[in-house]
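Contents: one structure, followed by commentary.
Letters A, B, ... are given to chains in the order of the sequence lines, protein chains preceding strands, and every chain is numbered from 1. Heavy-atom basis, side chains included; hydrogens, waters and symmetry copies ignored.
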Amino acid sequence: MTPQLTVDEQMEILRRGTLEIVPEDELREKLVKSQKTGVPLRLKLGLDPTAPDIHIGHAVVLRKLRQFQDIGHEVVILIGDFTARIGDPSGRSVTRPLLSSEEIEANARTYADQYCRILDADKTKVLFNSEWLGKLDFADVIRVSAKVTVARVLERDDFANRLSDGRPIGLHEILYPVCQAYDSVALKSDVELGGMDQKFNILMGRDLQRESGQEPQVAMFMPILVGLDGVQKMSKSLGNYVGITEAPNEMFGKLMSIPDDLMPQYFELCTDVPMNEIEDIVYGLSNGKLHPMNIKKRLAREIVAIYHSEESAMEAQLEFEKVFSSGELPTDIPVCNIPTDIMKDGKIWAPKLLTFTGTASSNSDARRLIEQGAVSIDGERISDAGSDITIADGQVLRVGKLKFVKLQIN
RNA sequence: GGGGGGAUUCCCGAGUGGCCAAAGGGAGCAGACUGUAAAUCUGUUGCGGAACGCUUCGGUAGUUCGAAUCUACCUCCCCCCA
């Protein structure tokens, strides 16, 4: 992109949205040195070999890496296939299922397809930590472990808490941070990015690099994006996410459903809107000069445009307004064939229509929806769950706010 | 090695022989209200062509007219002591 930004300008870009840079002056020094020598910095991002669906929460870190790439630096995506066997003790205590090497490879490929939408593929490398961790023998493990003291490991919040609560800590879990730290040594990374939950592990990398005679990496901590519900972190399993491969209309709709007070955060972390403009927006919202809905539309447009295009973002907005503001039918309605043999005399039992079209999961579910007034055909509400209803070719069945099906009778 | 506690519907969690398809909360869904939301209110959340019936409370086999509740065994989890 723009090759010759001053280091100050670079720092300003890189600081955006980050929680903490440890230590900040070392990052500056590294940037200065890199600019002088022309040797790019090596950025490390460790990823789990699971979770192949990247959402805009993951994208926060990936976009930060992209900023580094645009300045000229290179990124190493480190797939933790070896460490996955241990299970990161950070936060969750759920043991992860072991993955076969085929699965890991398949996941890594899916990852690659997706992160290319954000990262510059020419400046990105993917490595697996089994490559070096798998080669260590027991003596090596002891030698590396010897560089870390128990007190140092136990400083970590999670371990300290577990110890005082009398909850168990596996001996192997103590080695997890050591493994991750060793990755940094093996990669000779200059900067490692991660969430605050990675703080301990990433800082451990600094220690081990120093012990190994390397210049320690700088740690950059990125915030965890809050999900669409406005409460929990964005994650696929909670269903409160926007996937970066989702269609424009879906993205737009999902983004419009976030609580208002999430908007500033989303602007900062998920868009390229300049910070001073975001400040103006926040101010305008607080004094009532700006309407939250319009701002949210802008936000949704900005994000959709990143992963698709400005045109499709605009179209998504028009579609959204059409369906939700004007209450009109969406442009694309899935068609469902209704075979005549499940009908009699042009009629069909109402719950059957819902289960057949997949708009209800069971007759009981369908009955409920009908009784609650969620079901209509061509805008006319169906209210009797026991009744046979007359349907005609081309009619549109609507269930709830979001489900539409065009009936095709043959 | 010894002792103790537990597994309930999507999640948490009540229920200790019939009044239990199973309290309460969370989450979801639907309706109202809105700005599309959030908040709020209301309803709903096993299955069945359904005012009746059927299948559920870790698994299996029992006891009983009747079991989520009692017994035996099994599986898995957790805690304490060593």
Side-chain angles (χ1 to χ4, degrees), chain A residues 87 92-95 97 162-170 226-242 248-267 281 284-286 288-301 303-304 313 316-330 342-345 347-356 358-376 379-389 397-404:
Chain A
R92 300 286 144 90
S93 52
V94 188
T95 340
R162 278 160 76 181
L163 205 58
S164 65
D165 293 355
R167 277 176 292 146
I169 298 170
V226 175
L228 301 175
D229 57 359
V231 181
Q232 289 180 281
K233 71 169 189 175
M234 182 172 283
S235 88
K236 196 191 175 190
S237 54
L238 293 172
N240 60 357
Y241 73 104
V242 179
N249 288 347
E250 275 160 82
M251 277 191 170
F252 197 96
K254 282 187 177 185
L255 289 165
M256 286 304 283
S257 78
I258 64 168
D260 288 354
D261 55 8
L262 230 52
M263 290 197 282
Q265 191 188 339
Y266 271 49
F267 267 112
I281 288 173
L285 285 172
S286 68
K289 287 253 161 56
L290 295 172
H291 193 293
M293 185 177 67
N294 293 330
I295 298 304
K296 208 179 280 179
K297 282 177 180 172
R298 160 95 191 271
L299 172 68
R301 242 179 13 241
I303 296 176
V304 173
Q317 175 166 341
L318 293 176
E319 177 75 8
F320 182 87
E321 285 164 353
K322 184 173 149 189
V323 177
F324 293 99
S325 306
S326 319
E328 290 173 44
L329 293 175
I342 63 167
M343 301 168 53
K344 54 171 190 258
D345 306 329
K347 292 185 167 193
I348 185 165
W349 183 50
K352 176 84 182 168
L353 179 64
L354 299 209
T355 49
F356 188 82
T359 45
S361 60
S362 66
N363 285 350
S364 299
D365 188 30
R367 225 170 240 282
R368 255 174 250 132
L369 289 165
I370 293 167
E371 279 159 11
Q372 292 177 138
V375 181
S376 64
E380 206 166 310
R381 186 173 279 189
I382 309 292
S383 50
D384 184 1
S387 65
D388 287 336
I389 49 174
L397 168 71
R398 177 173 189 167
V399 180
K401 283 194 197 72
L402 303 171
K403 287 183 240 171
F404 296 88

### Message
Between A/N249 (side chain only) and A/E319 (backbone N and O only), is there a donor and an acceptor less than 3.5 Å apart?
### Response
no
### Query
Reckon A/S325 has a side-chain N or O less than 4.0 Å from the OP1 or OP2 of B/rU36?
yes
### Message
Does B/rG48 have its OP1 or OP2 closer than 4.0 Å to a side-chain nitrogen or oxygen of A/S362?
### Response
yes
Whole-Å distance separating the [atom1] atom of [X] from the [atom2] atom of [N]:
X      : N      : atom1 : atom2 : answer
A/L299 : B/rA37 : CG    : C1'   : 13 Å
A/L228 : B/rU36 : CG    : C1'   : 13 Å
A/Y266 : B/rA38 : OH    : C1'   : 14 Å
A/N294 : B/rU36 : CG    : P     : 11 Å
A/H291 : B/rU34 : NE2   : P     : 13 Å
A/R298 : B/rA37 : CZ    : P     : 23 Å
A/F320 : B/rA37 : CZ    : C1'   : 8 Å
A/I342 : B/rG49 : CD1   : P     : 13 Å

### Task
List for me each residue that meets salt bridge (charged side-chain N to carboxylate O under 4.0 Å, His left out) alongside A/E321, sequence neighbours excluded, and say none if there are none.
A/K297
### By salt bridge (charged side-chain N to carboxylate O under 4.0 Å, His left out) - contacts of A/K254 (at least two apart)
A/E246
### Message
Between B/rA38 and A/S257, counting only base atoms on the nucleotide and side-chain atoms on the residue, is there a donor-acceptor pair under 3.5 Å?
### Response
no
Mind checking what makes side-chain contact (heavy atoms from CB on, under 4.5 Å) contact with [X], not counting sequence neighbours?
X      : answer
A/R367 : A/W349, A/E371, A/A385
A/D365 : A/A360, A/S361, A/S362, A/R368, A/L369
A/F356 : A/C336, A/I338, A/P339, A/I342

### Interatomic distance at P, B/rU55 relative to B/rG5, whole Å
34 Å
### B/rG4 and B/rC73, which share atom name P, separated by this distance in whole Å
14 Å
### Message
On RNA chain B, does the nearest nucleotide to A/M256 precede the nearest nucleotide to A/G386 from the 5' side, or the other way round? Give the residue.
### Response
A/M256
Using atom names, set out every protein N or O paired with an N or O of nucleotides 20-30 of chain B below 3.5 Å, distance rounded to 0.1 Å.
residue : atom : partner : partner atom : Å
B/rA30  : O2'  : A/Q372  : O            : 3.1

### Message
Just to be sure I understand the rule, does A/N240 reach a base, reach only the sugar-phosphate, or reach nothing, if contact means heavy atoms closer than 4.0 Å?
### Response
nothing
